[in-house]
**Q** 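Let me begin by handing over the structure; questions about it come next.
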Amino acid sequence: MNSIRARHDRIGAWLDRSDVDVLAIQELKCKDEQFPEDLFTSRGYEVSFHGLNQWNGVAIASRVGLEDPEIGFTDIPSFGEEPVVEARALSATCGGVRVYSLYVPNGRELDHPHYTYKLEWYRALTADISAQLSETPDKKLVLCGDFNVAPLDEDVWDMAEFDGLTHVSEPERDAFNSLLGAGLTEVTRQFTPGPGVYTFWDYQRLAFPKKKGMRIDFELASPSLAEKATGAEIDREERKGKGASDHAPVIVDYEV
DNA sequence: ATGACTACCCGAGGTAGA
């Protein structure tokens with residue numbers, strides 16, 4: 001979901017309909033003082049959020065407890081001429097699970113500094129998660145969000161159209177797979193197999209009606225949590241209609 | 001059939017998304 005203020009009412013309706021216990025949101029596009037807390041608290045959720053400006057921004061809402069919120073992760077890289085740690089990572093413990101809301105940098109172009117930033121961001125995140133799971137192998141931990149990588153060829157509508165573009169390059173896919181190698185399982189694909197199954201459709205060129213999407217939003221769970229996953233769904237209905245986000249909600253059920 | 005992106009900043013048009 002992008003732009004929480006522009007989609008205030010849609011998100012409220014979606015919460016009422018989906019009835020989720022925990023929601024991780026990315027691309028808020030607002031500062032902390034602009035964040036609509038009531039949207040969540042009025043529905044019985046606790047909420048933690050982190051936004052610095054009109055770019056990025058991440059939040060976690062939970063109605064099963066929300067403890068020890070923490071911005072970023074160990075050695076999270078900064079970006080820019082005056083380097084800034086952007087608002088792209090937030091974690092909190094919800095019902096005994098360490099939940100991360102992650103908005104991986106886009107990369108922009110293969111020869112752009114944003115691309116090396118993206119790869120470094122993956123490396124640092126992988127090191128942090130790897131250390132946590134080495135220390136506590138049975139820790140319940142889940143990474144939710146926009147990973148900005150299409151790991152398989154079938155995760156884009158036509159690989160030929162992505163020649164020379166980000167999201168499908170080998171270093172990006174290696175970075176995503178290295179993160180899995182830290183001891184995580186991507187839990188959504190087994191319940192929502194492709195091809196032709198996507199989580200994002202560009203606003204441009206009628207991508208949604210033409211079914212030209214990308215699967216770039218995932219949920220990566222540690223072993224003790226992944227084994228509890230019982231189902232997943234990509235709510236592509238939410239991509240329809242006026243005022244839709246370009247990303248569809250990804251929902252996972254766990255039997256805990 | 002047509003026209004073919006959206007939201008943010010701010011108050012025009014640039015930036016970013018992917």
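Chain identifiers are assigned alphabetically (A, B, ...) following the order of the sequence lines, protein sequences preceding nucleic acid strands; residue numbering begins at 1 within each chain. These numbers come from the heavy atoms of this one structure, side chains and all, not from hydrogens, waters or symmetry mates.
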**Q** So what does A/Tyr103 touch, heavy atoms closer than 4.0 Å: a base, only the sugar-phosphate, or nothing?
**A**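 Answer is sugar-phosphate: A/Tyr103 comes under 4.0 Å of backbone atoms only.
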**Q** Would you say A/Arg5's side chain and A/Lys29's backbone share a donor-acceptor pair under 3.5 angstrom?
**A**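 Yes: the side chain of A/Arg5 pairs with the backbone of A/Lys29.
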**Q** About how many Å separate CG of A/Leu15 and CG of A/Leu39, when rounded to the nearest 0.5 Å?
**A**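 Here the rounded value is 6.0 Å.
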**Q** So what does A/Asp146 hit on the nucleic acid, given a heavy-atom distance under 4.0 Å: a base, only sugar-phosphate, or nothing?
**A**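 Sugar-phosphate, no base atom in range.
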**Q** By nearest heavy atom, map A/Tyr203 and A/Phe162 onto DNA chain B; which one lands nearer the 5' end?
**A**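 This one resolves to A/Tyr203.
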**Q** Are A/Ser48 and A/Glu46 close enough that a side-chain donor and a side-chain acceptor fall under 3.5 Å?
**A**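 A/Glu46 and A/Ser48 do not have a side-chain donor-acceptor pair below 3.5 Å.
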**Q** Between B/dA18 and B/dT6, how far apart are the two P atoms, rounded to whole Å?
**A**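 Taking atom P in both B/dA18 and B/dT6, they lie 16 Å apart.
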**Q** Indicate, with a heavy-atom threshold strictly under 4.0 Å, whether A/Ser3 touches base, sugar-phosphate, or nothing.
**A**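 Sugar-phosphate, backbone atoms only, no base.
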**Q** Looking at A/Ala59 and A/Leu90, what are the two nearest heavy atoms and their distance?
**A**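 In this case the closest contact between A/Ala59 and A/Leu90 is CA-CD2, 3.8 Å.
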**Q** For B/dA12 and B/dA7, measure between their C1' atoms and round to the nearest Å.
**A**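 The answer is 15 Å between these two C1' atoms.
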**Q** Base, sugar-phosphate, or nothing: which does A/Gln34 touch, judged by heavy atoms less than 4.0 Å apart?
**A**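 It contacts sugar-phosphate atoms only.
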**Q** Using the rule side chain to side chain donor-acceptor pair (under 3.5 Å), only one of A/His247, A/Arg10, A/Arg7 pairs with A/Glu238; which is it?
**A**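 Option passing the side chain to side chain donor-acceptor pair (under 3.5 Å) with A/Glu238: A/Arg10.
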**Q** For A/Asp75, I'd like to know if atom CG has over 12 heavy atoms of other residues, nucleotides or ligands within 6.0 Å.
**A**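 No, CG of A/Asp75 has 12 or fewer neighbouring heavy atoms, counting only those of other groups under 6.0 Å.
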**Q** Parallel, tilted or perpendicular, judged at 30° and 60°: which one describes the rings of A/Phe218 and A/Phe176?
**A**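 Geometry flag for A/Phe176 against A/Phe218: tilted rings.
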**Q** Mind checking the P distance from B/dC10 to B/dA16? Whole angstroms is fine.
**A**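 These two P atoms come out 15 Å apart once rounded.
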**Q** Taking the six-membered ring for Trp and the single ring otherwise, decide whether the centroids of A/Phe73 and A/Trp121 are under 6.0 Å apart.
**A**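 Distance test on ring centres: under 6.0 Å, yes.
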**Q** Taking the nucleotide of DNA chain B with the closest heavy atom to each, which residue, A/Gly107 or A/Gln204, is nearer the 5' end?
**A**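 With A/Gly107 and A/Gln204 compared, the 5'-side residue is A/Gln204.
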**Q** Through direct or indirect side-chain contacts below 4.5 angstrom among Ile, Leu, Val, Met, Phe, Trp and Tyr, which residues connect to A/Leu119?
**A**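 Via sub-4.5 Å side-chain contacts, A/Leu119 links to A/Leu110, A/Tyr115.
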**Q** Taking any atom under 4.0 angstrom from a heavy atom of chain A, which nucleotides of DNA chain B are the first and last to qualify, 5' to 3'?
**A**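 Taking any atom under 4.0 Å from a heavy atom of chain A, the span is B/dG3 to B/dA18.
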**Q** Going by number, which of residues 237-251 of chain A have a non-hydrogen atom under 4.0 Å from DNA chain B?
**A**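 A/His247, in order of number.
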